[in-house]
Amino acid sequence: MKRADIVTSARGWLGTPYQHQASRRGVGTDCLGLVRGVWRELIGDEPQVVAPYTPDWADLSETDQLLDAARNWLREIPIGSADAGDVLLFRMGAGCAAKHCAIATGPDSLIHAYWGRSVCATRLVPWWRRRIAGAFSFPGLED
């Protein structure tokens with residue numbers, strides 16, 4: 001799998017309406033559902049069942065489930081080395097769990113889904129950069 005394959009797959013989700021905990025291209029998805037959908041399209045079955053989670057970005061729980069799951073199933077890389085096709089996790093506030101994710105499409109761009117909108121392409125502006133909590137590559141990525 002090449003970086004271009006991941007970006008092409010993610011672009012196929014553009015315009016999919018936001019739906020919490022969903023992961024169906026063209027029907028409904030949230031940010032995790034986008035990453036799960038790209039995983040299914042390029043790798044195969046999902047490696048684990050996703051437990052219910054809240055859409056609250058200001059989650060102050062003691063666990064960091066999204067970050068833990070990413071570390072279990074993706075390859076963690078230094079945040080500064082993330083490139084097109086890598087997964088970015090975001091922590092929306094100090095002390096909050098990482099609750100948002102996106103797929104980088106270039107050094108300054110990403111595709112993500114968030115509340116009230118559809119899957120969209122966005123610039124990776126400083127506001128987003130300050131909130132990056134982790135960067136990961138899909139397993140089997142060929143550079």
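Remember, predicted model here, so these are calculated numbers, not experimental data. If you read the sequence from its start, that first residue is 1, and numbering goes on from there.
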Atom pair [atom1]/[atom2] of [X] and [Y] - distance to nearest 0.5 Å:
X    : Y   : atom1 : atom2 : value
S9   : L34 : OG    : CG    : 8.0 Å
E46  : S23 : CD    : OG    : 6.0 Å
C96  : D64 : SG    : CG    : 10.0 Å
H112 : T29 : NE2   : OG1   : 12.5 Å

Count I, L, V, M, F, W, Y as connected when their side-chain heavy atoms are under 4.5 Å apart, and connections chain through other members. Are [X] and [Y] then in the same cluster?
X    : Y    : result
L32  : F138 : yes
I79  : I77  : no
V119 : V50  : yes
W73  : V38  : yes
M92  : L124 : yes

Shortest non-hydrogen contact between [X] and [Y], atoms and distance:
X    : Y    : answer
L66  : A98  : CB-O, 3.4 Å
H20  : Y53  : NE2-O, 2.7 Å
Y18  : A113 : CD1-C, 4.1 Å
L14  : I111 : CD2-CG2, 4.0 Å
M1   : P139 : CE-O, 3.2 Å
R129 : P107 : NH2-O, 2.9 Å

I'd like to know if the side chain of [X] and the backbone of [Y] have a donor-acceptor N/O pair within less than 3.5 Å.
X    : Y    : result
W13  : G26  : no
T8   : A4   : yes
D108 : R123 : no

*Yes or no on side-chain contact (heavy atoms from CB on, under 4.5 Å) for L67 and R91, after CA distance, side-chain angles and deciding distance?*
CA-CA 10 Å; L67 193 58; R91 190 178 313 281; 3.8 Å; yes
Is any side-chain heavy atom of [X] closer than 4.5 Å to a side-chain heavy atom of [Y]?
X    : Y    : answer
L141 : D86  : yes
H100 : R131 : no
W128 : L88  : no
D83  : D143 : no

Q: Walk me through it: do F90 and L110 pass the test side-chain contact (heavy atoms from CB on, under 4.5 Å)?
A: CA-CA 12 Å; F90 298 90; L110 55 87; 4.0 Å; yes
Are more than 12 heavy atoms, taken from residues, nucleotides or ligands other than [X], located less than 6.0 Å from that residue's [atom1] atom?
X   : atom1 : answer
N72 : CG    : yes
R24 : CZ    : no
Q21 : CD    : yes

